[in-house]
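Notes follow the structure.
Throughout, protein chains are lettered first and strands after them, A, B, ... in sequence-line order, and every chain is numbered starting at 1. Quick note: numbers below take in every heavy atom, side chains included, and nothing from hydrogens, waters or symmetry partners. Only a predicted model underlies this, so the values are computations on that prediction, with no experimental measurement involved.
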Amino acid sequence: MSDVIQLKAKDFVSNQTVRWCPGCGDYAILKQLQRVLPELGIAKEKIVFISGIGCSSRFPYYMNTYGMHTIHGRAPTLATGLKVTHPDLNVWVITGDGDGLSIGGNHLLHAIRRNVNINILLFNNRIYGLTKGQFSPTSPQGMQTKSSPIGAVSQPLKPLGVAIAAEATFVARTVASNVKHMGQVFKRAAAHQGVSFVEIYQNCVIFNDGAFSHATDRKTKSDNLLELEHGKPMIFGKNHDKGIRINEFEPEIVSLDDVAEEDLLVHNENSRASLAYLLSQMQYPEFPEPIGVFRAVNHPVYEKTLRKQIDDSIVQKGVGDLHALYNSGNTWTVDADGKTVADPIS
Amino acid sequence: MTEPKLVEYEDIESVIIRFAGDSGDGMQLTGTQFTNTSAIFGNDISTLPDYPSEIRAPAGTLAGVSGFQVNLSSADILTPGDEPRVLVAMNPAALKANLPDLQRGGVIIVNEDAFKKNNLRKAEYDTNPLEDDSLVGYRLCEVPLTSLNRVALESIEGLTSKEIDRCQNFFALGLTFWLFDRPLEISMEWLDKKFTKKPHLAKANITAMQAGYSYGHNTETFQMRYRIKAAKLNPGHYRKITGNEALAMGLVTAAQKANKPLFYGAYPITPATDILHHLVNYKNFNVRTLQVEDEIAAMGSTIGAAFGGTFAATGTSGPGLALKSEAINLAVMLELPMVIVNVQRGGPSTGLPTKTEQSDLMQAMFGRNGESPVPIIAPATPSDCFETAIEAFRFAVRSMSPVFVLTDGYLGNSSEPWLIRNPDDIPPIEVSHPTEANSDNGYLPYLRDPETMARPWAIPGTAGLEHRLGGLSKQPETGNVSYDPLDNERMNRDRVAKVAKLVDIIPDQEIIGPDEGDLLVLSWGSTYGAVRSAVQRLQGQGQTISHGHIRYLNPFPANLGDLVDRFKRVAVPEMNLGQLVFLLRGRYGFNHEFIPISKIHGRPFTIGELVEKIGALL
């Protein structure tokens, strides 16, 4: 008998009918994850999907794994409680821009800073879909929606900037229409020890169609995306003729006709958060938008440190004994004659 | 030491002492030390800390007064007592804030050094109460505590003047020990242990305590000492325990009895935080505590842990419970077992954070959207919190439901002697997690046990039982999302029936006194001691009256309705404006005469006021 777990994508398909709108970007993400999971070598029963509320949060129902469809914004809290008590499980949080960055912003920050070994996938479509089209925390300023007929007033959040500010140890971005890239990013996220945060550009065909056309359009995407590769200079463009250089702490686009490759910014996933943060601020149309792994560093993993405290405590005090616990501190004995005698302090 | 004078002993049955000072004066510690020694001496004890929500309100002001009351007795006592007989007041504000509670003729020990112009002004005294006639009728003992303490400690090297003055409370403690003929050794031992790394501070506090004791011995300030004989406690092994400590131990015990790790997710909130403080020290019992970003996360993480098969609990107080409501409803929908402790405090809103109330009964019962039945249990005494925590887990596992434990600030912080349980006598909590499919169609997560109406608890990691839970309305048995009207009604009714079925294991309501008649008193939670004492006092006066103390608030015991039927009137003392009355009326009808006896002072009932109010109904 082999220990190698042989699973196929179809093993991860649940018996529930998928009910996203035809053409929704979520389909590609679901399919790709079902394709990638068998490659991880993790038993199906060890995998758990936990989501909040929103279109993307229906995800767990469609995965034939353990799962919970919870309440708005709170999925990271349930995932944390599960993972710290069951470190052997492979836990995925599915969230969206509204669920994760609006109502659940606080939980997202803290799940990230704790560095629990979970994978958080944020489907960013820059709109509230399930409530039928209101601006979300990632909607661009000025965007006209049902709740902002003359334009959204507030400034959008950049999901990766938020994650990096919270010291995320693994940060990546991918595009739902680029299934190959997405698969690679999922595998990297799953392999990372600690929290993995992945932003997925996902198109909402009904309420915000084309929000990411700059990153998906066959003709223009090479000029608008910068595919990050660890240790490689940052080169992009259809003809690989443009690069990113740092000039007085700011990125700038240069032509490879004018600037040598050695002078370009070289990607380093392990560098301090400042490089990843700088990359997270690069936005279309001013810059190509980076995709791939922004940051991957090793920090202590929450549940492992917690486990160590328990193990150390057992070494120090011995395995917990209820007799000893109840009888700790000042105790006294009343004998059959009603006489009281103090016991020595234990 | 020579005997300078002959001081007579007065033998008394019991005494109520209150220590009061600034919140930085160490009055809680002084009271606790006095209680420890008295408990070990064999008195029955009951304590009530009363402290402000400000950590260090401006020194000397009324807002900053912190008090600790202890009732010592040679007889069985159930409350920290009504009116103190002895008040130790470290400054004018402490005197002013506590004098109204003191018995006429009671003993006042004051630090006369603190009765200076500035402090008198801060305490809003126009004239010095030690010099006018406002304390006539009390036995006033003026002690120059600050200066005596300074003299006593002047020879100890390495002490700053601040450190010297901070030993004043131990001087006062030593004097009180003398007054009540108590040994110093237990506190000495405690100080040595506490200040292992700072032996000069141990020495300073011990010296101050001894100086206080000698002061009582050598001066003629006191004409009387008091002796309280040991109480006739049942033979056995005892310790002092607060409600919050008992609760923490109960949670750990429940988990151990089920061979489970304990998870406790919490956000700091007064007066529940001590439960977390205790549990963090129990890591060697495989206790995993998680201090999270907010109350919602505390509830969410608790649900996550429960999904994984862990014994999961969270603790909070009223405002925190409000934040948790949405997540509790998810737990109701997921049908996962967990325990939610609410150490109630004065409300609404931020209310009285450090004071007690019983005003979250409605919140626990109804504070969620939709039909959301949750079992509720309320302990009666600090040590009963231990039993309740264990019982709550039994209920949770049996009904696959979150279960509320409603304690309050008074129970949480008060202490009493606890006849230490033998853990081996506590029955195990049986938990089963399926490992195989429960139907021909595979694993059905909502296939109910006909006896308990509970669903099975399959946990992640179990091959073949993969399933999804969620907050959406669902189909019976499969748990699949369903908006079918009949499915929705059936699942709602099933959840209600499941909680109601707990009545099968809830013991019948007991009462003391005749089992039918004119007046039944019904109470719940922390009022037990005061209500029971008041009823017994009235019975002792020849009155015909009965008392039942309700532990199970949802569902009620099966016989409660019958009991209510057998009395003409039912009086219900509560630290709220009639929440149990509302539930009783709702359940047993408006034909009955329910009489609320309400108090929302942020303080427990006194026996005296209950005797008066219940007595007036007879």
Asn244(B) and His278(B) side chains, donor-acceptor separation under 3.5 Å: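 Their side chains do not contain a donor-acceptor pair, so the 3.5 Å distance test is not met.
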Neighbours of chain A found in residues 245-256 of chain B - heavy atoms under 4.5 Å: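 Near chain A, by residue number: Met249(B), Val252(B), Thr253(B), Gln256(B).
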Let's test your reading of the structure: which of [options] forms the most heavy-atom pairs below 4.5 Å with chain B?
options	value
His110(A), His86(A), His107(A), Lys339(A)	His107(A)
Arg74(A), Gln316(A), His69(A), Gln309(A)	His69(A)
Val341(A), Asp321(A), Val319(A)	Asp321(A)
Ser57(A), Pro76(A), Ser14(A), Pro60(A)	Pro60(A)
Val48(A), Ile53(A), Thr77(A)	Thr77(A)
Thr70(A), Val315(A), Val91(A), Thr80(A)	Thr70(A)

Cationic tip of Lys83(A) above Trp92(A) ring, under 6.0 Å, 45° of axis: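 No; the conditions do not both hold, so Lys83(A) does not lie above the ring face of Trp92(A).
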Per-residue contact mode, [X] against chain A (heavy atom under 4.5 angstrom):
X	result
Ala312(B)	neither
Pro261(B)	neither
Asn36(B)	side chain
Asn234(B)	backbone
Leu469(B)	both
Leu330(B)	side chain
Ile241(B)	neither
Ala327(B)	both

Among [options], which residue forms the greatest number of heavy-atom pairs with chain A at distances under 4.5 Å?
options	result
Glu293(B), Lys283(B), Met299(B)	Glu293(B)
Leu465(B), Leu334(B), Asn422(B)	Leu465(B)
Trp418(B), Phe41(B), Phe307(B)	Phe307(B)
Pro460(B), Gly470(B), Pro235(B), Gly461(B)	Pro460(B)
Thr462(B), Asn480(B), Val287(B), Thr310(B)	Thr462(B)
Ala463(B), Gly471(B), Gly309(B)	Ala463(B)

Contact origin within [X] toward chain B - heavy atom pairs under 4.5 Å:
X	answer
Leu322(A)	both
Asp335(A)	backbone
Leu325(A)	both
Ala342(A)	both
Arg113(A)	neither

Euclidean distance, Ile47(A) CD1 relative to Leu33(A) CG, rounded to 0.5 Å: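 With rounding to 0.5 Å, CG (Leu33(A)) is 8.5 Å from CD1 (Ile47(A)).
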Could you pull out the closest heavy-atom pair between [X] and [Y], with the gap in Å?
X	Y	result
Ser313(A)	Asn284(B)	OG-N, 3.2 Å
Pro402(B)	Ile328(B)	CG-O, 4.3 Å
Ser415(B)	Thr47(B)	OG-OG1, 2.7 Å
Arg239(B)	Asn330(A)	CB-O, 3.7 Å
Ile420(B)	Asn327(A)	CD1-OD1, 3.3 Å
Arg114(A)	Val292(B)	NH2-CA, 3.5 Å

Beyond-backbone contact of Ile390(B) with Ile426(B), side-chain heavy atoms, under 4.5 angstrom: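 When only atoms from C-beta onward are counted, Ile426(B) and Ile390(B) do touch, with a gap below 4.5 Å.
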Sub-4.5 Å side-chain heavy-atom contact between Asn64(A) and Asp11(A):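 No - every pair of side-chain heavy atoms lies 4.5 Å or more apart.
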Glu167(A): partners by salt bridge (charged side-chain N to carboxylate O under 4.0 Å, His left out), with sequence neighbours left out: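 By the salt bridge (charged side-chain N to carboxylate O under 4.0 Å, His left out) rule, Glu167(A) matches no residue at all.
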Ring centres under 6.0 angstrom apart (Phe49(A), Phe59(A)):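 Ring centroids of Phe49(A) and Phe59(A) are less than 6.0 Å from each other.
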Sub-6.0 Å ring centroid separation between Tyr326(A) and Phe386(B):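 That pair passes the under 6.0 Å test.
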Step-by-step salt bridge (Lys or Arg N to Asp or Glu O under 4.0 Å) determination, Glu303(A) to Arg288(B): CA-CA 10 Å; Glu303(A) 64 272 21; Arg288(B) 288 158 211 229; over 6 Å; no
For Thr169(A), the option from His192(A), Gln193(A), His299(A) that meets side-chain hydrogen bond (donor to acceptor under 3.5 Å, both in side chains):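 The residue from His192(A), Gln193(A), His299(A) that satisfies side-chain hydrogen bond (donor to acceptor under 3.5 Å, both in side chains) with Thr169(A) turns out to be His192(A).
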Arg307(A) and Asp311(A) ion-paired at < 4.0 Å: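 Yes, charged N to carboxylate O under 4.0 Å.
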Side-chain ion pair, Arg368(B) and Glu326(B), N-O less than 4.0 Å: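 Here Arg368(B) does not pair with Glu326(B) in a salt bridge, since their nearest N and O are not under 4.0 Å apart.
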